[in-house]
Amino acid sequence: MDAHALKNDFTVLRNQTLTYLDTAASSLKPDVVLEAMNAYYHNNPVNVHRGVYEMSHVATKHYEQARRDIANFINADFEEVVFTRGASSALNLVALTWGEQNLQAGDEIVTSMLEHHSHLLPWQQLAKRKKASLVYVPLNAEGRITEAALKKVITKRTKILTLTYVSNTLGYKTPLEPIIKIAKAHGIKTSIDAAQAVPHTPVDVKKLDCDFLAFSGHKMCGPSGIGVLYAKRELLDKLDPLEYGGDMNDRVGLYDVEVKRPPYKFETGTPPIAEAIGLARAVQYLSKIGLEKIANHEHHLATLAIAGLQSIEGVTIYNPTTDTGIVNFNFDGVHPHDAVTVFDEASVALRAGHHCAQLVLKFLEVSATLRASFYLYNTEEDVQHFIKTVASARRFFTKVGF
Amino acid sequence: MDAHALKNDFTVLRNQTLTYLDTAASSLKPDVVLEAMNAYYHNNPVNVHRGVYEMSHVATKHYEQARRDIANFINADFEEVVFTRGASSALNLVALTWGEQNLQAGDEIVTSMLEHHSHLLPWQQLAKRKKASLVYVPLNAEGRITEAALKKVITKRTKILTLTYVSNTLGYKTPLEPIIKIAKAHGIKTSIDAAQAVPHTPVDVKKLDCDFLAFSGHKMCGPSGIGVLYAKRELLDKLDPLEYGGDMNDRVGLYDVEVKRPPYKFETGTPPIAEAIGLARAVQYLSKIGLEKIANHEHHLATLAIAGLQSIEGVTIYNPTTDTGIVNFNFDGVHPHDAVTVFDEASVALRAGHHCAQLVLKFLEVSATLRASFYLYNTEEDVQHFIKTVASARRFFTKVGF
Amino acid sequence: MQKMEHLYRQIIMDHYKNPRHKGLKDDSSFVTHRHKNPSCGDDITIQSRVENGIVKEIRHDGTGCSICCSSASVVADLLTNKTVDEARSLIHNYIKMIADQPFEQEDALEDALAYEGVKQFPARIKCATIAWKALEATLDEEEGETVE
Amino acid sequence: MQKMEHLYRQIIMDHYKNPRHKGLKDDSSFVTHRHKNPSCGDDITIQSRVENGIVKEIRHDGTGCSICCSSASVVADLLTNKTVDEARSLIHNYIKMIADQPFEQEDALEDALAYEGVKQFPARIKCATIAWKALEATLDEEEGETVE
Ligand SMILES: Cc1ncc(COP(=O)(O)O)c(C=O)c1O
Ligand SMILES: Cc1ncc(COP(=O)(O)O)c(C=O)c1O
């Protein structure tokens, strides 16, 4: 894979001097994705499922083909892909349907301090409402979820494991395959936050054998406004929907309703049509490059970046053993927001703050950090420019008296 | 306003022979809206609220300016505009927050048989869960909601009126101002489905004085994947969120969370950024033409269409006194799906079916109907072509033996 | 209107106006399947009774457009007294014909050939196949296959 | 790095490293407001005590970047012993300066003038104004205005 060439697929990288290292917040979008959405808007910008005229039939075909492509991408069945507003909405949907309908007082929900707020808070709040317990699996010294630690917190009352696949802050990959095997053996359900996994590494839901898994379009070269909830068909069959309304029912009476089969049962109203088409195009784009290659490339760049950071004094790295393209660090004595402005001046886009994962920072005992995240359009030159900027920033901070 | 000229604003109308009469399902989108979204994707396609670097700051500014523009469009305050996946999602949010948090067994919810499924079913299901009563206001002979009928169904136990502003099937406008006055006088809340109102007529939430009001982007020249819930600030302040996660909180603890103020409290996760920007551009487009003018234009075309239909034998019109651009009819003895194919062949896009409003059809005592809906890009020539197609379809059906 | 006339052939209109085998039986030797087209409201119920590998009787009822309702009558007419294997084979060929793919048994499709015009109307393919698929589902169930 | 040096002026770094008026008082004659910048985690609490229309004392505490923390110290220094009206006027002028709009009272802004460089960094405007706005909120509350 040739990252230099891939840069040309993105208008923003062609038009601007930009070292974009904030993919973990949102990825850039290649032109082909925008073109696919524009084609929908220009050629048959009509509603789906509702019209029996040709134009609507074509829109429906494209929309449902998009679902098929996205299902294939994670090795799910067509019926197992529910479109949502985003990963956050998908993760909430699990807590608000399966959680509401299955948990009872005294039950235990296992989570981790690595979770993004969008996976932590729905279960934290559900636990409160249900008088269930929220149990944190202890992280190891590096900050990783381990199989051994997990085994220790599982009890007879554990009903679900809610774990991230890849930490958006430390870039660690959770050893999900053995963990989910243990869960299955104990009849425990699993909800997986794959918002930082699906864009960056091959994900196969059948092989993983998880019950629920969520991700967002905008982090994987797709548009804003769409996410995916994968759930096993038998669970979707059993669950009651959260939202009711048009397009999710077969028959409406004054006081009752017959709902459709999955996935439609969970998708009321006009769906994100252009967004689904755009996301399917993104999936095709990523598949063509190859997810294995993307994963290796990102990790290679992160490794170079870490080596570079280690050569500069007065910089602390929080995840020197990152498994992915995510690097987390700080300038000693400098608040990350002060730092980020220096990077901004060098056209390096970095994330500063708590990364919507305040418990990770609690674990690290810092109030905010800097995060660089690499993706397919980043090159070794980007890493060099990044490291050069770190070095000159360090000099500047020392000079002005931080 | 010059509908002929406006047609040029839409690629699909420039490129294809198309008499598009299915706006009530979804409107076409002018090029300027797509350009606004593409500009975001090409110039600063990054996340909002999260980054302190310049590009993210600009994206955030555009995104929040979009909210401001959309708030102004309906005369709401900035804090009162919550972005959702669409009208269906917004309407569900009212039932799933205000309804869940305030209704009790024995309470009464007043609705109507004119409601779209997306406004009916959330309350129908809530009534079931809460053992509250769902009370249908009787429609008058024409199928309209009247002030007089409403007065009769209100009791001391009525807690909320859930009514459509404009019926998506019969095109009637509910006399909301006097109805909401009555509701206020009785301390009853009001949830208004304005999915067919906001795109077509000036809507002023302060003047209406409703508590909740919802609409969709894709029906008003905006993109798919976005809708709006308007709610009075004091209600948003009091309500607990439905979804929890990133970006809607101020501080996260292991077992508790502090949520932000409205509207953010109701918007977890990466928002529909491009979609909000696109919708704001659509609002600007509509405002420039003028909503009064659009309303008059549509109604004028619908009136012409009704006169034309009345001149053809073997056609039944269900709403000859429509207040808007919506005309509902059938060929006697011909199933609407058979009819719609004839229109399709003449490049007339019509909707056939139950229009996600099965109770309206129950009221009309038919199983499906045809709907033509006019918008700003339709012309008198479109009406003529439509009527000519109706006439030749009628001849064809008679000839083949329907 | 030529394409339209090809769609609404006399045979189709005849089965629509005078449906054969119409009306359901309250008889447990029948297997019943109800199929709906969610996008438009077609709603067809098909019953079949199989004896010794032969489709002895087919019944149908429901609401929908002319293409949908007439095809329930046509399929019932055509497949009665066929073996289950023959019936399946005809169903597959019919569906291929509608989908504009190469198909066999042209003669054996008899009245059902009148639906060839549907292939020019992709938006109507579901109308023309819903009864056939419901019938196939009853055969699947007869044979104990997993049924959704 | 010239633009950067204009941002991180010595006065700013001095207030950052050696903040004046720092630490909150547990005293009910103070009005307290806590403001956060949700996008980044700046979190500043400001207290003011007004007597006879004069801002007699200002305290602050919190966490955040140098621009945010230092400006809490600067605003506390500057507005102590000003009348409420003067204080409001200075706040408005400061905010205008940061937003790159015409502003008055240049001299009266004293140390706060050091923040003029912020206007070249729109993404940092919130950092530079959060303490000032929190202080304004305490004055609003003192005067019984509606407070969000
Ligand atoms: C009156 C009315 N309410 C609600 C909706 C639902 O809107 P959406 O499908 O965009 O969620 C529609 C559109 O179908 C409608 O016409
Ligand atoms: C690990 C993880 N989970 C969930 C989310 C939420 O995704 P979204 O903001 O698209 O809803 C994110 C992105 O911020 C994330 O990194």
Side-chain angles (χ1 to χ4, degrees), chain A residues 11-12 22 25-26 28-29 34 38 41-43 45-47 50-55 85-89 91-92 116-118 121-122 124-125 134 136 216 218 223-226 243-247 249 252 254-255 257 268-270 272-275 337 340 344 349-352 356 358-359, chain B residues 11-12 22 25-26 28-29 34 38 41-43 45-47 50-55 85-89 91-92 116-118 121-122 124-125 134 136 216 218 223-226 243-247 249 252 254-255 257 268-270 272-275 337 340 344 349-352 356 358-359:
Chain A
T11 298
V12 67
D22 196 19
S26 201
L28 306 176
K29 289 86 178 137
L34 311 183
N38 286 330
Y41 281 126
H42 285 150
N43 301 331
V46 303
N47 217 320
R50 288 158 177 73
V52 274
Y53 55 92
E54 180 63 15
M55 208 173 210
R85 217 182 62 232
S88 299
S89 196
L91 294 165
N92 271 278
H116 188 278
H117 295 160
S118 294
L121 294 177
Q124 181 197 81
Q125 294 300 309
L134 193 67
Y136 286 88
S216 274
H218 70 94
S224 60
I226 189 165
E243 297 184 334
Y244 286 80
D247 212 29
N249 64 74
V252 170
L254 286 165
Y255 304 105
V257 63
T268 185
T270 301
I273 307 169
E275 290 78 2
H337 291 158
V340 92
D344 207 7
L350 274 199
R351 174 81 186 275
C356 293
Q358 293 182 21
L359 300 186
Chain B
T11 299
V12 66
D22 197 20
S26 202
L28 306 176
K29 289 87 177 134
L34 311 183
N38 286 329
Y41 281 125
H42 285 150
N43 301 332
V46 304
N47 217 321
R50 288 159 178 72
V52 273
Y53 53 92
E54 179 64 13
M55 208 173 210
R85 217 183 61 232
S88 299
S89 197
L91 294 165
N92 271 279
H116 188 278
H117 295 160
S118 293
L121 295 177
Q124 180 197 83
Q125 294 300 308
L134 193 67
Y136 286 88
S216 271
H218 69 94
S224 60
I226 189 166
E243 297 185 334
Y244 286 79
D247 211 28
N249 65 73
V252 170
L254 286 165
Y255 304 104
V257 62
T268 184
T270 301
I273 307 169
E275 291 79 2
H337 291 158
V340 92
D344 208 5
L350 274 197
R351 174 81 186 277
C356 293
Q358 293 181 22
L359 299 187

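Convention: sequence-line order gives letters A, B, ...; per-chain numbering from 1.
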Worksheet item: Checking side-chain contact (heavy atoms from CB on, under 4.5 Å) for the pair A:M55/B:V12: CA distance, chi angles, key distance, verdict?
Response: CA-CA 11 Å; A:M55 208 173 210; B:V12 66; 3.6 Å; yes

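- Heavy-atom distances place the side chain of B:Q125, and not its backbone, under 4.5 Å from chain A.
- A:Q124 touches chain B through its side chain: at least one heavy atom from C-beta onward sits under 4.5 Å away, while N, CA, C and O do not.
- Taking all atoms of both residues into account, the shortest heavy-atom contact from A:G246 to B:H116 is CA-CE1, 4.1 Å.
- At distances below 3.5 Å, not a single donor-acceptor pair connects side-chain atoms of B:E243 with backbone N or O atoms of A:N92.
- Annotation: side chain to side chain contact (heavy atoms under 4.5 Å, CB included) contacts of B:S88 (sequence neighbours excluded): A:T268, B:S118.
- Under the 3.5 Å distance criterion, the side-chain polar atoms of A:Y136 are matched with a main-chain donor or acceptor of B:L254.
- With sequence neighbours left out, the side chain to side chain contact (heavy atoms under 4.5 Å, CB included) criterion links B:A25 to A:N47, B:D22, B:R351, B:R371.
- Within the 4.5 Å cutoff, the side chain of B:H218 has no heavy atoms near those of the A:I273 side chain.
- Considering all non-hydrogen atoms of both residues, B:S26 and A:V46 come closest at CB-C, 4.3 Å.
- Contact count against chain B (heavy-atom pairs under 4.5 Å) is highest for A:P45 among A:G269, A:P45, A:A274.
- Nearest heavy atoms, B:C356 versus A:D247: SG-N, 4.1 Å.
- For the residue pair A:Y244 and B:P122, the shortest heavy atom distance occurs at O-CG, 3.4 Å.
- Interface remark: A:S216 contributes no atoms to any contact with chain B (heavy atom separation under 4.5 Å).
- B:N38 and A:N38 get closest at one heavy-atom pair: ND2-ND2, 3.0 Å.
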Worksheet entry | Intermediate values then yes/no, side-chain contact (heavy atoms from CB on, under 4.5 Å), B:H117 and A:V257 | CA-CA 10 Å; B:H117 295 160; A:V257 63; over 6 Å; no

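- Ranking A:V340, A:L28, A:L34 against chain B, the residue ahead of the rest is A:L34, based on heavy-atom pairs under 4.5 Å.
- Smallest separation of non-hydrogen atoms from A:P272 and B:S224: C-OG, 4.0 Å.
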